Each structure stands twice: as structure tokens, then as C-alpha cells.
Amino acid sequence: FRKACAEARQAASEGQWGKAKERFLAAWQARHPAPGVLVLAAMAAREQKDEAEARRLGDRALGELEREENASTTADAPR
């Protein structure tokens, strides 16, 4: 996970958006849910001018975040 994230950040810093998106998605595959990593992949897709992919990844990130919030809210609910 960390190695893929580091490679993705390096690729993004060099403007290699396709590689950055690929590595962010590899990091997500290695350990998810990881909505933050999906947001970064969405940003890389947007830099590639792939708005449909950016929206799809952003929506997936939002879904993961909502599921995490619901899970923690349910776990914290009094019985």
C-alpha cells in the first residue's frame, strides 16, 4: 500500500497522470476501503481530462466514506 502510494505521488509530481492513477488504484486494491486514495485517483483522472472516470472514482470514494461513517455511527449508537 505505502509503496504504491509513494509511486503514485512521485508520478503525479512528474505530471505522469496515467501512471499516478494506476498506482493509486493499486494502493486501493491492496487495502480498502481507502476513500482518500480513490479521491487522488479521481484527481489524476481529471488531470487526464477523463471527466467520466474522475466522477466514477469520486462517487466510489464518497460511497466508501459514507459506509465508513455509517459503520462507526452504528457501532457508537447506544443500545
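Reckoned from all heavy atoms, side chains included, excluding hydrogens, waters and symmetry mates. Being a predicted model, the structure only gives us computed values, none of them experimental.
No salt bridge links Lys21 with Glu47; every basic N to acidic carboxylate O contact stays at or beyond 4.0 Å.
Identified under the salt bridge (charged side-chain N to carboxylate O under 4.0 Å, His left out) test for residues 23-44, with sequence neighbours left out: Glu7-Arg23.
Residue Gly58 comes nearest to Ala42 through the heavy atom pair N-CB, 3.8 Å, listed as atom of the first residue, atom of the second, then distance. The shortest heavy-atom contact between Ala20 and Ala44 is CB-CB, 4.3 Å. Between Glu53 and Ala45 the shortest heavy-atom distance is CG-CB, 3.8 Å. The two residues Glu68 and Pro35 make their nearest non-hydrogen contact at OE2-CD, 3.7 Å.
Residues passing the side chain to side chain contact (heavy atoms under 4.5 Å, CB included) test with Glu51 are Arg46, sequence neighbours excluded.
With a 4.5 Å cut-off between side-chain heavy atoms of Ile, Leu, Val, Met, Phe, Trp and Tyr, the cluster of Met43 takes in Phe1, Phe24, Leu25, Trp28, Val37, Leu38, Val39, Leu40, Leu57.
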